[in-house]
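Read the structure below first, then the notes.
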Amino acid sequence: MTLDLESAIQTIASWLRESRCAMAFTGAGISTESGIPDFRSPGGVWSKNRTVYFEEFLNSEEDRYEYWRQKSQTHVEFEAAAPNVAHQVLAKWEEDEKLTGIVTQNIDGLHQAAGSQNVLELHGTAREIACLSCHQRWAADPWVQQFLKKDRVPDCPDCQGLLKHATVSFGQSLSSETLEASSELAKQADLCFALGSSLVVYPAAAVPELAKSSGARLVIINNTETPLDSMADIVLRHPLGESLSMIHDAFSNLS
Ligand SMILES: [Zn+2]
């Protein structure tokens, strides 16, 4: 559907009002307005650092050190970042029982920081460290500080297992539990917002696709084209924070 911005916003707000089960799917684009660089973009982490694959992490002390070195760098960016208006609008919609949940590709924890409760993190979270053996978890910050101070990769205080950020590394499988819960959410949704994601990374991008094919309306807001644009009900190329604020205002005026 091709609409001018104002009509599109009004239409989306009326869909939100009608909706009984809306969900959001979010990618890096929702966090760039919080100052977290999209790690795929030029100048992003991926272009500066070599990738440490999960297999390498498991098998080489040197690679574990490199992993921790890189993660400690990006940790500083994550710690400094605060949720922006887009995160806040989604948290508000959940509080008002308009939004059932969020499936995110992001590992920055900003949805939770904004107050969202039902957040499914497909790629894990950089806010926590997990033991690969006993699966205990801790807040990431003290471990990163310890690494920076001692310049040595820490191991689990309980079982001496390997400690790694609770994110999904290259070559590591996504949690089947999280994937399943995301699919369930998508199947039940009658309205799906795909926000700030180029929708090219699978299986993540299958979530909004599944929502659409299960009968939901699909609204895509992203600054570049996505492969799902042709199946979307509305596509907006407008800054995310501003778009969601406008939808929220239009929605509040309807209610
Ligand atoms: Zn352990």
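Everything numeric in this text was worked out from a predicted model, so none of it was measured. Heavy-atom basis, side chains included; hydrogens, waters and symmetry copies ignored.
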Q | From Phe54 atom CZ to Leu132 atom CG, the distance as rounded to the nearest 0.5 Å | A | 5.0 Å
Q: Determine whether Thr167 and His123 make a side-chain contact, defined as any pair of heavy atoms from C-beta on separated by less than 4.5 Å.
A: no
**Q.** Test side-chain contact (heavy atoms from CB on, under 4.5 Å) applied to Val207 and Leu120, step by step
**A.** CA-CA 11 Å; Val207 173; Leu120 296 162; over 6 Å; no
**Q.** Closest approach of Ala86 to Asn84 (non-hydrogen atoms, all atoms of both residues)
**A.** N-OD1, 2.8 Å
Q) Is the backbone of Phe78 close enough, under 3.5 Å, to the side chain of Asp108 for a donor and an acceptor to pair up by distance? A) no
**Q.** Considering all heavy atoms, the nearest Gly124-Val168 contact
**A.** N-CG2, 4.2 Å
Q.
Do Cys159 and Cys131 have side chains that approach each other closer than 4.5 Å (heavy atoms only, starting at C-beta)?
A. yes
Q. Under 30°, 30 to 60°, or over 60°: which ring-plane class applies to Trp93 and His248, parallel, tilted or perpendicular?
A. tilted
Q. What distance do Ser213 atom OG and Lys187 atom NZ have between them, rounded to the nearest 0.5 Å?
A. 10.0 Å
(Q) Please list all pairs meeting salt bridge (charged side-chain N to carboxylate O under 4.0 Å, His left out) that have one or both residues in residues 136-160, counting only residues at least two apart or in different chains. (A) Glu128-Arg137
Q: Give a yes-or-no answer on whether the side chains of Thr226 and Asp229 include a donor-acceptor pair shorter than 3.5 Å.
A: yes
(Q) As an exercise, state the distance from CD1 of Ile12 to OG of Ser19, rounded to the nearest 0.5 Å. (A) 13.0 Å
Q. Quick one: are Tyr67 and Val153 in side-chain contact, heavy atoms under 4.5 Å?
A. no
**Q.** Other residues, nucleotides, ligands: >12 heavy atoms within 6.0 Å of Arg237 CZ
**A.** yes
Q) Distance-only, no hydrogens or angles: does the Glu66 side chain make a donor-acceptor pair with backbone N or O of Val52 under 3.5 Å? A) no
Q.
Do Val119 and Leu122 sit in one hydrophobic cluster, given that two such residues count as connected whenever their side-chain heavy atoms are within less than 4.5 Å of each other, even indirectly?
A. no
Q: Identify whether Leu162 and Ile129 are in the same connected component of the hydrophobic contact network (ILVMFWY, side-chain heavy atoms under 4.5 Å).
A: yes
Q: For residues Cys192 and Ala216, report the shortest heavy-atom separation together with the two atoms involved.
A: N-CB, 4.3 Å
Q) Linking I/L/V/M/F/W/Y whenever their side-chain heavy atoms sit closer than 4.5 Å, directly or via other members, would Ile221 and Trp15 fall into one cluster? A) yes
Q | Neighbour count above 12 (heavy atom, 6.0 Å) for Gln136 CD | A | yes
Q: Could you tell me whether the side chain of Tyr65 reaches within less than 4.5 Å of the side chain of Glu62, counting heavy atoms only?
A: no
Q.
Any non-hydrogen side-chain atom of Glu94 less than 4.5 Å from a side-chain atom of His111?
A. no
Q: Give, for atom CG of Leu254 and atom CG of Leu16, the distance between the pair rounded to the nearest 0.5 Å.
A: 9.0 Å
Q) Got more than 12 heavy atoms from elsewhere within 6.0 Å of CD, Glu79? A) yes
Q | Non-hydrogen atoms of Ser116 and Ala91 that approach each other most closely | A | OG-CA, 3.5 Å
Q. For Gln73, does the CD atom have more than 12 heavy-atom neighbours from other residues, nucleotides or ligands under 6.0 Å away?
A. yes
**Q.** Member of Leu110, Leu90, Thr104 meeting the side-chain contact (heavy atoms from CB on, under 4.5 Å) criterion with Ile30
**A.** Leu90
Q) Is a side-chain N or O of Asn106 found less than 3.5 angstrom from the main chain of Gly27, in a donor-acceptor match? A) yes
Q) Centres of the Phe170 and Phe57 rings: under 6.0 Å? A) no
Q | Same cluster (ILVMFWY, side-chain, under 4.5 Å), Trp68 and Ile107 | A | no
Q. Rounded to the nearest 0.5 Å, how far does CG of Leu218 lie from CZ of Phe193?
A. 10.0 Å
Q | For Gln112, the option from His87, Arg127, Glu121 that meets side chain to side chain donor-acceptor pair (under 3.5 Å) | A | Glu121
Q) Are side-chain N/O atoms of Ser197 and Gln105 paired as donor and acceptor at under 3.5 Å? A) yes
Q: Please list, chain by chain and in numerical order, all residues satisfying salt bridge (Lys or Arg N to Asp or Glu O under 4.0 Å) with Glu209, sequence neighbours excluded.
A: none
Q.
Test your reading of the model: is there a side-chain donor-acceptor pair from Asp96 to the backbone of Lys98, 3.5 Å cut-off?
A. no
Q.
For a 4.5 angstrom cut-off between non-hydrogen side-chain atoms, does Ile9 reach Leu236?
A. yes
Q.
Do Gln88 and Val85 make a side-chain contact, defined as non-hydrogen atoms from C-beta onward lying under 4.5 Å apart?
A. yes
**Q.** Cluster overlap Phe147 with Val144, hydrophobic side-chain contacts below 4.5 Å
**A.** yes
Q. Between Glu33 and Gly241, which heavy-atom pair has the shortest distance, and what is it?
A. OE1-N, 3.2 Å
Q. Got Ile234 and Arg217 here, is their nearest side-chain heavy-atom distance under 4.5 Å?
A. no
Q. Rounded to the nearest 0.5 Å, how far does CD1 of Ile102 lie from CD of Gln117?
A. 10.5 Å
**Q.** Closest contact, heavy atoms only, Leu163 versus Cys156
**A.** CG-N, 3.6 Å
Q) Gln70 side chain to Asn49 main-chain N or O, any donor-acceptor pair under 3.5 Å? A) no
